[in-house]
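To find a chain, count down the sequence lines: A is the first, B the second, and so on, and within it residues start at 1.
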Protein chains: 2
Amino acid sequence: MKLEKTTNAYSLPGRSYDDACGAAHALDLVGERWALLVMRELMLGPLRFSDLRAALPGISANVLTQRLEGLEGIGALVRRRLPPPGAVQVYELTPWGYEAEPILQALGRWATRSPMHDPTLPLSPVSLMLSFRTMFDPVRADGFEARIGFRLGGEDYMVRIGKGRIEAARAPIENADAVFTGTAPAVAGAVYAGVPLAVLEADGALEVDGYRTIANRFVTLFPLPPKIQT
Amino acid sequence: MKLEKTTNAYSLPGRSYDDACGAAHALDLVGERWALLVMRELMLGPLRFSDLRAALPGISANVLTQRLEGLEGIGALVRRRLPPPGAVQVYELTPWGYEAEPILQALGRWATRSPMHDPTLPLSPVSLMLSFRTMFDPVRADGFEARIGFRLGGEDYMVRIGKGRIEAARAPIENADAVFTGTAPAVAGAVYAGVPLAVLEADGALEVDGYRTIANRFVTLFPLPPKIQT
DNA sequence: CGGCATCCGGGAAGATACTG
DNA sequence: CAGTATCTTCCCGGATGCCG
């Protein structure tokens with residue numbers, strides 16, 4: 001028994017798991033290829049169609065359109081037209097859409113233990129910021145307070161750490177104790193692969209301004225879970 | 001740039017997201033259709049091929065074979081042949097495979113807020129037990145200790161509640177304060193739709209033995225998150 | 001340029017039948 | 001019972017083109 005197209009504001013993929021389990025329903029909603037990665041890119045705020053294409057190399061315009069329609073149909077995002085001038089269209093998660101972040105975190109925590117995980121692959125700035133939220137260790141950050149700026153591919157991000165908490169947002173860099181300028185993979189190399197900042201700077205992959213001490217402390221706050229033993 | 005087939009013990013699906021993000025890698029590993037639901041059914045212990053087919057109506061034998069091969073290839077499960085006599089083959093999650101449960105929980109918590117979620121669809125006994133683990137509210141269970149048995153479709157399950165914690169396992173029913181006999185959807189109706197036990201018993205959908213008070217308290221311990229406002 | 005429609009090739013998923 | 005074989009359907013990815 002297939003679910004037919006509904007007549008309300010929502011739509012389901014043609015194939016349903018037909019299962020009352022919440023996880024199965026989630027996969028009905030966002031289990032199609034690229035759907036969760038589109039949501040991932042929107043987790044730090046609205047983006048335009050071309051921003052999404054740029055952040056998700058490999059997705060075709062075709063499929064991106066379908067996913068955006070689907071995610072809008074289930075109520076996970078809305079498309080908004082910004083007021084003129086500009087009048088560009090942006091896609092923005094709904095409050096419920098933003099609540100999908102724990103799904104991405106659970107997936108990420110689990111998969112980084114896989115021996116097949118290749119941290120040298122491309123990484124979007126948004127993924128990097130979300131990985132900070134996921135992997136942040138309050139114990140290692142005990143007594144540490146800092147405001148770190150990131151200038152990654154033309155967009156600015158701010159990470160604030162204090163009281164054992166972390167915030168990460170796409171926002172102008174203001175009052176930063178340290179600023180990283182470069183690419184998301186370079187920062188990931190420092191944070192997750194332990195590449196010394198000096199090496200990355202010598203390679204020209206990264207520029208670090210502000211307090212070196214703070215930058216050096218920052219990159220130690222995100223321990224990866226141990227790899228599984230093969 | 002596609003990933004080529006690796007020469008080690010692991011295999012990846014032909015299409016990779018080519019993304020260092022942990023969530024993207026997770027979707028490379030278990031993002032194919034049915035993969036996470038196969039893992040869900042194995043969360044309470046090993047099962048045979050035909051058990052999985054029965055628990056996942058809608059999956060075809062060849063797809064199940066492919067998923068089992070894939071999950072074995074990534075190291076999420078192993079196939080074991082039980083010692084003779086019997087000598088049946090079973091599929092069992094690895095320790096890392098069991099660690100995927102938070103993924104299912106995050107998916108379930110998020111999707112039950114969708115207005116499209118239909119709790120009247122079929123539900124496997126394992127899904128029901130996992131939903132207890134997911135939705136259990138320690139506050140509501142304050143001061144409550146109980147051992148509840150479930151006889152669902154020929155298999156027995158035990159849920160133990162105490163000290164604000166819950167355990168759920170496929171296990172013989174022993175020293176139970178109350179025992180539910182019937183189908184998983186019927187129990188779900190009592191727990192998640194608030195159908196009174198007396199009604200379900202009058203319909204013949206459920207039989208409740210043991211202490212009624214404990215059974216009636218039990219079904220109040222699993223509040224669903226509120227639906228999103230449409 | 002942004003967004004969407006259309007066509008096509010390849011491959012995954014679904015249904016059914018069959019075998020050790 | 002535990003899969004395999006075959007066939008069909010449909011999704012995905014790529015390319016092209018239209019239209020504001």
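A tilted orientation is assigned to the rings of B:F132 and B:F150, their planes being inclined by 30° to 60°.
The CD atom of A:Q66 sits 10 Å away from the P atom of C:dA5 (whole-angstrom rounding). Regarding B:L68, its CG atom lies at a distance of 13 Å from the P atom of C:dA13, rounded to whole Å. In this structure, A:L47 atom CG and C:dG2 atom P are separated by 13 Å, rounded to whole Å. B:D28 has its CG atom 15 Å from the C1' atom of C:dA12, to the nearest Å. D:dC12 atom P lies 13 Å from atom CG of A:L37, rounded to whole Å. Between the C1' atom of C:dA12 and the CD atom of A:E32 lies a distance of 14 Å, rounded to the nearest Å. Atom-to-atom, CG of B:L64 to C1' of D:dT4 comes out at 13 Å; the value is rounded to the nearest Å. One atom, CZ of A:R79, and another, C1' of C:dC4, lie 10 Å apart when rounded to the nearest Å.
For B:Q89, whose side chain is taken as the heavy atoms from C-beta onward, the closest listed nucleotide among C:dA13, D:dG3, C:dA15 is D:dG3. Comparing C:dG14, D:dC12, C:dA5 by their closest approach to the side chain of B:W34 singles out C:dG14. Each of C:dA5, D:dA2, C:dA12 was ranked by its minimum atom distance to the side chain of B:R67; first place goes to C:dA12. Set against D:dG3, C:dA13, D:dG13, the side chain of B:V63 has C:dA13 as its closest nucleotide. For A:N62, the side-chain atoms get nearest to D:dG14 when compared with the rest of D:dG14, C:dA15, C:dA12.
With salt bridges taken as basic N to acidic carboxylate O contacts below 4.0 Å, one links A:R133 and A:E101. Salt bridge status for A:E99 with B:R109: absent, with no side-chain N to carboxylate O gap under 4.0 Å.
A:R53 pairs by the salt bridge (charged side-chain N to carboxylate O under 4.0 Å, His left out) definition with nothing, not counting sequence neighbours.
Within the 4.0 Å cut-off from OP1 or OP2 of D:dT9, not a single side-chain nitrogen or oxygen of A:R15 is found.
Interatomic distance, B:S124 OG to B:L52 CG, rounded to the nearest 0.5 Å: 10.5 Å. How far CD of B:Q89 is from CZ of B:F49: 10.0 Å, rounded to the nearest 0.5 Å.
A side-chain N or O of B:Y192 and one of B:S131 form a donor-acceptor pair less than 3.5 Å apart.
Contacts between residues 50-61 of chain B and DNA chain C, defined by a heavy-atom separation below 4.0 Å, involve B:G58, B:S60, listed by number.
Mapping A:Y17 and A:V90 onto DNA chain C by nearest heavy atom places A:V90 closer to the 5' end of the strand.
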